Protein chains: 2
Amino acid sequence: MSAHIHAEQPALTKNQSLVYDALTRSKAPLSAYAILDGVREHGIRAPLQVYRALDKLLEMGLVHRLESLNSFVACSNSECEARETIVFAICEKCSKVSELADDRLEAQLNALASADHFSVHAATVELRGFCKQCRPTG
Amino acid sequence: MSAHIHAEQPALTKNQSLVYDALTRSKAPLSAYAILDGVREHGIRAPLQVYRALDKLLEMGLVHRLESLNSFVACSNSECEARETIVFAICEKCSKVSELADDRLEAQLNALASADHFSVHAATVELRGFCKQCRPTG
DNA sequence: TCTGTTGTGTTACACTATAACGTATGCAAT
DNA sequence: ATTGCATACGTTATAGTGTAACACAACAGA
């Protein structure tokens, strides 16, 4: 196995590093403009600079986009690049995001799609709820 | 069973009807502003009028929001209100959206979340790919 | 009738994302 | 080395998505 984490990626450029670091430091997902606010002091001034860096980071798999929040998170799962389907569990109280992966779920989704003669290229799966720490019961 | 389709809903108001009809007529998902363009001739002039109607229609379950497209579709599945998880299969060629539902998938998602001690309130599942008619093989 | 709730209409604004343009940097091939 | 190309950068302007705040209208129930 020797699972390597995001290996063989080209080095990050200055803007990409700034954006990636901002996301890594944050405990919660950040919008592109929230990222911008965080990197202004480092010389980035325009939204486009952030979006361009994000595009590359998304390509490399270092960052994920949460469609239901219009926000971005640094990848926290060393295995995620091996999969086409990642499940994001988004806590509505503390905003923490967990990445879950499961081969059976992916198979299930593909089976469901196949039954409808639909061929899947990409899947977005985002769960809203409470994380372990924030659940009413504790 | 006697599956009833969206029964016991309050009657739609004028604006709600206009927005719902626009979505029903459309073969593809519509953005709020695309809906607005479609109902201007009927007296709706401002985005907020559309968003307010959409909010109610979403509450009633007559309309779904596609997070990955920032767009809306009229519900096409008589069973969907009985479920908390609907899978949307979005064709990237013809834009057609199918609603798929599957108890096993829902169970699978809940199991996956439970393993992480996450309690699910809502789920977004959107598949991108090609529908039966648009697949390369036909 | 009074009152609360829901829906409506309007203006203004905030947030999210991209188009279009030009410049700079690095690297490969001659 | 210089030419040529690809990639990244910086800036301005603009497009697309979504709400805040305020006022008025319609209607139901006490």
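All figures in this text were calculated on a predicted structure; none of them were measured in a lab. Letters go in sequence order (proteins before strands), and every chain restarts at 1.
- Comparing atom distances between the S31(A) side chain and each of dT16(C), dT8(C), dA17(C) picks out dT16(C) as nearest.
- Side-chain nitrogen and oxygen atoms of R65(B) include at least one within less than 4.0 Å of the OP1 or OP2 phosphate oxygen of dG18(D).
- Rounded to an integer number of Å, the gap from N15(B) CG to dA25(D) P is 16 Å.
- Contact check for I44(B) versus N15(B): side-chain heavy atoms found under the 4.5 Å cut-off.
- Map R52(A) and Y33(A) each onto its nearest nucleotide of DNA chain D; the residue landing nearer the 5' end is R52(A).
- The CD atom of Q49(A) sits 14 Å away from the P atom of dA8(D) (whole-angstrom rounding).
- Going from atom CG of L12(A) over to atom C1' of dG26(C) covers 17 Å, rounded to whole Å.
- Contact of the V63(B) side chain with the L54(B) side chain is registered, since non-hydrogen atoms from C-beta on lie closer than 4.5 Å.
- Y51(A) has its OH atom 7 Å from the P atom of dT16(C), to the nearest Å.
- The interatomic distance linking L54(A) (CG) with dA8(D) (P) rounds to 14 Å, in whole Å.
- A straight line from CD of Q16(B) to P of dA26(D) spans 17 Å, rounded to a whole angstrom.
- One can place CG of D55(B) at 13 Å from C1' of dT17(D), the figure rounded to the nearest angstrom.
- For dT6(C), the OP1/OP2 oxygens have no side-chain nitrogen or oxygen of T13(B) closer than 4.0 Å.
- At dT11(D), one or more side-chain N or O atoms of R45(A) fall inside 4.0 Å of OP1 or OP2 (strictly under the cut-off).
- Taking 4.0 angstrom as the limit, K14(A) places none of its side-chain polar atoms (N or O) nearer than this to OP1 or OP2 of dC9(D).
- Counting only heavy atoms from C-beta outward, the side chains of R52(B) and Q16(B) never approach each other to under 4.5 Å.
- Put simply, N70(B) has no side-chain N or O that comes within less than 4.0 Å of OP1 or OP2 on dA17(C).
- Out of dA20(D), dA17(C), dA8(D), the shortest distance to the side chain of L48(B) is found at dA20(D).
- The two residues E99(B) and C75(B) have their closest heavy-atom pair at OE2-CA, 3.3 Å.
- Straight-line distance from the CZ atom of F72(B) to the C1' atom of dG18(D): 9 Å, rounded to whole Å.
- Looking at R65(B) and E67(B), a side-chain N of the basic residue comes within less than 4.0 Å of a carboxylate O on the acidic one, giving a salt bridge.
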